Number of protein chains: 2
Amino acid sequence: MVVIVGKADPRPAYLRIADDLRSRIVDGTLPPGTRLPSRAQLAREYGVAESVALEAMRLLVSEGFVETRPGSGSYVRRRPQVRRLVRSWYREKRGDSPFRADMAAQGRQGSWESHSETTTAPPVIAERLGVPPGEPVMRTNYVFYADGEPVMLSTSYEPLTITRNTPIVLPEEGPYAGKGVVERMAAIGVNVTHAAEAVTARPVLAPEAELLKVPTGTTIIRIARTYYADERAVETADITIPADRYEIIYHIPVGD
Amino acid sequence: MVVIVGKADPRPAYLRIADDLRSRIVDGTLPPGTRLPSRAQLAREYGVAESVALEAMRLLVSEGFVETRPGSGSYVRRRPQVRRLVRSWYREKRGDSPFRADMAAQGRQGSWESHSETTTAPPVIAERLGVPPGEPVMRTNYVFYADGEPVMLSTSYEPLTITRNTPIVLPEEGPYAGKGVVERMAAIGVNVTHAAEAVTARPVLAPEAELLKVPTGTTIIRIARTYYADERAVETADITIPADRYEIIYHIPVGD
DNA sequence: TCGAATTTGTGCGTATGTATC
DNA sequence: GGATACATACGCACAAATTCG
């Protein structure tokens, strides 16, 4: 089939082709897994050079609608099953590690690796913790796994003025290892009352991509989480999650 | 300067160039606003054809690191000032439009355009609303502006079984126009008790980019919000926000 | 098992239009 | 107005992976 274009189409040809295919993907005419026409076919159908068809495909790939397999063809992308991470207060009340409980709720096995060291608070972190820049903090880097696959990164900071000389100074050692911030802080008499999470998103950077084993250019969600005991910040963390695998669920009570 | 490449470099040339520039952008050697070498310059420096330099730049644009200005040059993207959108229950209690109140809190003037029509619920929406697919719903498309600049898109769905023959059937007409879902539903005796928001993120699509006036390659945050009266869903909406302009704040009480 | 055809990935060179400076 | 820079488009070439007879 050769598509005859109107003369007065203002949009570039590669955008027209991409829009055309995209709308057919979105409306279900081209379901996931469908093989799309090859570059040569598209070029013939739309009456353009092969390089224009190539441009259209590249755009759809960068938008996440299409994946290509060299030598085989281009296919409507099958979305990986989107899993949910629930971030609400009641995840804190289960006695187990919040992450492991989240994973168990989905029938997956949660595990993690971590590394802690004392350092000084960078300006951004100091501001979030409400302490002077350079204040000593315990920094802990985590890689979280679900069924052995990396799914989340986290870098946590706790002021040593709170945890020094307590059994919980190292988050992943001692009787409260892996128990979650709320439970650990409770063990030293610090009563966590609420948390604030600031959600942003951006393209993944190379070091993160390597740890999460995702291709560069994919989108990640970044959560800056801070736990408070009344008005005092007691922990803050930067959490990184691949956006195409997880959605983050917040429950918001509509109080009086 | 001409960069001599080792013979055994496995990566394609355009990726090497992109990786090189990207790392210099990320580590601050090329700060935001810096003008990058032109295609012709890059081609000379790296000893490749101009089309290869073009490919590298396109990749960086699609990743959101670079923006191009025709006739002028390519520049490290300046991150606009990040503003905050607070999504917590108390934003519902202010009597005014929640969006206008959010904007007023930042010293900006909020406004919006909307268009409502009755339609039938697509499968995904029907599932969120807990109604059979094809159920009649009121769909309203919004474009929200801050100081005249588009900052948020929203598509809202309300089952007509709830609002038919009431004064609020059209969200943006009548005495409760622009008042927010909680207040509008209260006006017909529906007591909204909580909301759930599912947060995801992905690259912006061409049609959205046009409405939001953002360059292609930026990241957007997408929120699927559903309001509930006890267990019954009374409204659901898809909200689209440019991730480089806003971060989304959630407050999470840590209850007993 | 082999080989030919197909398909994507990468790269080169050219041309034209339009925006900027 | 001229030089520069990006945007789009055309056409070609070859490598590598896949497919299929």
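To find a chain, count down the sequence lines: A is the first, B the second, and so on, and within it residues start at 1. These numbers were taken from a predicted model, which means no experiment stands behind them.
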Starting at CZ of A:R35 and ending at P of C:dT6, how long is that distance when rounded to a whole Å?
11 Å
Its contact letters, B for base, S for sugar-phosphate only and - for none at protein heavy atoms under 4.0 Å, make nucleotides 10-21 of chain C read BSBS-----BBS
How far does CD1 of B:I248 sit from CD1 of B:I223, to the nearest 0.5 angstrom?
4.5 Å
Charged N to carboxylate O below 4.0 Å: is that the case for B:R225 and B:E235?
yes
Roughly what angle, to 10°, lies between the helix axis at the start of the helix from C:dC2-D:dG21 to C:dC21-D:dG2 and the one at its end, five pairs per end?
10°
Under the rule for salt bridge (charged side-chain N to carboxylate O under 4.0 Å, His left out), what residues qualify as partners of A:E208, not counting sequence neighbours?
A:R202
Check side-chain contact (heavy atoms from CB on, under 4.5 Å) between B:A146 and all other residues, then give those that pass, not counting sequence neighbours.
B:M103, B:R108, B:V151, B:Y246
With a 3.5 Å cut-off and no angle check, do the side chains of B:Y157 and B:D238 form a donor-acceptor pair?
no
Check this one for me: any side-chain N or O of A:S74 less than 4.0 Å away from OP1 or OP2 of C:dT8?
yes
To the nearest Å, give me how far apart CD (B:E55) and P (D:dT8) are.
12 Å
Pair up each side-chain donor or acceptor in residues 129-141 of chain B with any protein partner under 3.5 Å, not counting sequence neighbours, and list the distances.
from	atom 1	to	atom 2	distance (Å)
B:R139	NH2	B:E117	OE2	2.5
B:T140	OG1	B:S116	OG	2.8
B:N141	OD1	B:T155	OG1	2.8

Using whole Å, what does the distance between atom P of nucleotide D:dT4 and atom CD of B:Q41 come to?
11 Å
Just how far is it from atom CZ of B:F144 to atom CD1 of B:I239, taken to the nearest 0.5 Å?
7.5 Å
Kindly write out the residues that satisfy ring pair (Phe, Tyr, Trp, His ring centres under 6.0 Å) with B:Y145, not counting sequence neighbours, or none if the list is empty.
none
Separation of D:dC6 atom P from B:M57 atom CE, nearest Å, is 7 Å
